[in-house]
There are 2 protein chains.
Amino acid sequence: MFDQFKNKFPVNEQKWNDYISCFKRLEVPAKTTLLQEGEISKKLFLIEKGCIRVWFNNNGKDVTFQFFFENSTVASIESFRKEFPSPVSIETIEPSVLWWIHKKDIDRIIEEIKDVPLLRDKLINALFDRTFDYMKHFFSFIKNTPTERYLNLLQEKPQIVQRIPQHYIASYLGVSTVHLSRIKSKISKQKQ
Amino acid sequence: MFDQFKNKFPVNEQKWNDYISCFKRLEVPAKTTLLQEGEISKKLFLIEKGCIRVWFNNNGKDVTFQFFFENSTVASIESFRKEFPSPVSIETIEPSVLWWIHKKDIDRIIEEIKDVPLLRDKLINALFDRTFDYMKHFFSFIKNTPTERYLNLLQEKPQIVQRIPQHYIASYLGVSTVHLSRIKSKISKQKQ
DNA sequence: TGTATTTGATAACAAATGTTATCGTCCCAC
DNA sequence: GTGGGACGATAACATTTGTTATCAAATACA
């Protein structure tokens, strides 16, 4: 699991083994809650197999915010960093194999790698990229219609459309399940 | 202008003078374009007086994305960092007094301060905060109705409602000018 | 394999929001 | 001062999207 990341981390063998030994394996069924809205996030998850959604309760309605697949890390980033109650819940969609690491270990590792210029820049770049991602996603909410957002999703993240139940996708796109159904039916009629 | 920031920058007098001498003063009328969509951003602006909006052209429609007031810095952050063509334009709303600095100077300064742990952490924190801001703004688009978004704006950023022409606010909130007008009229009727 | 649950499509109707047009007011440049 | 443009309110109508309900198909699982 971790070998694929090894060449990206210019640290010595001992450090590397120290770091990866902080991760614990976890096998869970679908619909397992990994973090409950309101809790303070203490764990970062790495997905070996399966997928995860981040969602929140909006007046009783379940609104999905993000999806994560294999080889991604997941945490309620604001809660994890600032030790705030998390505004979101984290839940598996499929039965999943995960690796998790405790915040105190991550904090130590980040503290250590911040002195390695290459890794420090990588961290900063990752933060920039995360910001751009939010910006882009947000842009598409202002700029595009729900139909356009769905077409973009099909093109840019086909994995989501293929693997994720439609009602999660609907709230992710900001529309009702009924409307997403209408959008799909309209598109398939146009193609004919 | 710069004295207010001085105590936040633990660098020696010489460095400090070097840094602030990179900024040039600029006085411009309202509706001045500081960066055109499609250009590569090379300047970072600091606002001494006035306000600025960041917007983009969406099929001929002018969509405002962000507002900035006194003591804020403004740039097309993705374009500035990655030297991409900017997806947004930057324009003054009011007649403004600005200070700008060239990208090459900023890059040098960031490179230098990255070795000062305190400033390095500040930079990283600033990036986290920026990410949270986007997330929060985005959340409100999914979570709230346009009316709720307007009420939040009134409460959290009254400056925007007071100083910015309404049609810019409408596109910022993701509604038509007519609908924002309806929202305002509905609210004022409820208060009576 | 059979049954319950989840998922998705569709119809009918309701509510929210956009579009176009018109009008009044304010303000700035001449 | 005054004429034109920017700004904002409002009405009438069109379109989009949500809501509720129902049914069919797929899937999970005992």
Side-chain angles (χ1 to χ4, degrees), chain A residues 28-32 50-51 53 55 58-64 67 91-96 140-151 153-154 160-192, chain B residues 28-32 50-51 53 55 58-64 67 91-96 140-151 153-154 160-192:
Chain A
V28 293
K31 299 205 180 189
T32 303
C51 62
R53 73 188 182 106
W55 65 281
N58 183 24
N59 302 333
K61 265 173 216 155
D62 176 315
V63 178
T64 297
F67 299 107
E91 188 182 289
T92 55
I93 295 178
E94 302 174 355
S96 303
S140 87
F141 262 77
I142 304 185
K143 202 161 181 162
N144 304 123
T145 63
T147 303
E148 289 166 343
R149 282 204 292 283
Y150 180 70
L151 289 171
L153 196 68
L154 270 178
I160 290 181
V161 183
Q162 285 152 17
R163 284 172 71 172
I164 309 284
Q166 195 165 308
H167 58 284
Y168 296 148
I169 299 177
S171 73
Y172 177 74
L173 293 176
V175 297
S176 66
T177 56
V178 176
H179 193 59
L180 178 54
S181 211
R182 278 195 285 242
I183 287 170
K184 285 179 67 177
S185 116
K186 209 178 193 176
I187 290 170
S188 71
K189 274 174 198 160
Q190 282 174 349
K191 278 186 185 166
Q192 283 168 9
Chain B
V28 292
K31 301 204 179 190
T32 303
C51 63
R53 72 187 183 105
W55 66 281
N58 184 24
N59 302 333
K61 265 173 216 156
D62 175 316
V63 178
T64 297
F67 299 108
E91 187 182 289
T92 54
I93 295 178
E94 302 173 355
S96 303
S140 88
F141 261 76
I142 303 185
K143 205 162 181 160
N144 304 123
T145 64
T147 303
E148 290 167 341
R149 282 203 294 282
Y150 180 70
L151 289 170
L153 196 68
L154 270 177
I160 289 180
V161 183
Q162 284 152 17
R163 284 172 71 173
I164 309 284
Q166 195 164 310
H167 58 285
Y168 295 148
I169 298 177
S171 73
Y172 177 74
L173 293 175
V175 297
S176 66
T177 56
V178 176
H179 194 60
L180 178 53
S181 212
R182 278 196 285 243
I183 287 170
K184 285 178 67 176
S185 117
K186 209 178 192 175
I187 290 171
S188 71
K189 273 174 198 159
Q190 283 174 347
K191 278 187 183 164
Q192 282 169 11

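Letters A, B, ... mirror the listed sequences (proteins, then strands); counts begin at 1.
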Provide, to the nearest angstrom, the distance between the [atom1] atom belonging to [X] and the [atom2] atom belonging to [N].
| X | N | atom1 | atom2 | result |
| --- | --- | --- | --- | --- |
| B:Asn144 | C:dT17 | CG | P | 12 Å |
| A:Glu148 | D:dT16 | CD | P | 12 Å |
| A:Asn58 | D:dG18 | CG | P | 13 Å |
| A:Ile183 | D:dG18 | CD1 | C1' | 12 Å |
| B:Leu173 | C:dT17 | CG | C1' | 14 Å |
| A:Phe141 | D:dT16 | CZ | P | 18 Å |
| A:Tyr150 | D:dT17 | OH | C1' | 18 Å |

Is the distance from OP1 or OP2 of D:dT10 to the nearest side-chain N or O of B:Lys186 less than 4.0 Å? no

Can you list everything that forms a ring pair (Phe, Tyr, Trp, His ring centres under 6.0 Å) with A:Phe67? Sequence neighbours excluded, please.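 Partners of A:Phe67 by the ring pair (Phe, Tyr, Trp, His ring centres under 6.0 Å) criterion, ordered by chain and then number, come out as A:Tyr172.
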
Taking the axis from the first five pairs and the axis from the last five, what angle separates them in the helix from C:dT1-D:dA30 to C:dC30-D:dG1, rounded to 10 degrees? 50°

Output the distance between atom [atom1] ([X]) and atom [atom2] ([Y]), rounded to the nearest 0.5 Å.
| X | Y | atom1 | atom2 | value |
| --- | --- | --- | --- | --- |
| A:Lys184 | A:Thr147 | NZ | OG1 | 13.0 Å |
| B:Leu151 | B:Ile187 | CG | CD1 | 4.0 Å |
| B:Ser185 | B:Leu180 | OG | CG | 10.5 Å |
| A:Glu94 | A:Thr32 | CD | OG1 | 12.0 Å |

Answer whether the closest heavy-atom distance between the side chains of [X] and [Y] falls below 4.5 Å.
| X | Y | result |
| --- | --- | --- |
| B:Arg149 | B:Pro146 | yes |
| B:Arg53 | B:Asp62 | yes |
| A:Ile160 | A:Tyr168 | no |

Is the backbone N or O of A:Ser171 less than 3.5 Å from a side-chain atom of A:Thr64, with the two atoms forming a donor-acceptor pair by type? no

Tabulate protein N/O versus nucleotide N/O from nucleotides 6-13 of chain C, keeping only pairs under 3.5 Å, one per line.
{"unit_1": "C:dT7", "atom_1": "OP2", "unit_2": "A:His167", "atom_2": "NE2", "d": "3.4"}
{"unit_1": "C:dG8", "atom_1": "OP1", "unit_2": "A:Gln166", "atom_2": "N", "d": "3.0"}
{"unit_1": "C:dG8", "atom_1": "OP2", "unit_2": "A:Gln166", "atom_2": "N", "d": "2.5"}
{"unit_1": "C:dG8", "atom_1": "OP2", "unit_2": "A:His167", "atom_2": "N", "d": "3.3"}
{"unit_1": "C:dA9", "atom_1": "OP2", "unit_2": "A:Gln166", "atom_2": "OE1", "d": "3.4"}
{"unit_1": "C:dA9", "atom_1": "OP2", "unit_2": "A:Gln166", "atom_2": "NE2", "d": "2.6"}
{"unit_1": "C:dA9", "atom_1": "OP2", "unit_2": "A:Ser181", "atom_2": "OG", "d": "2.7"}
{"unit_1": "C:dA9", "atom_1": "O5'", "unit_2": "A:Ser181", "atom_2": "OG", "d": "3.3"}

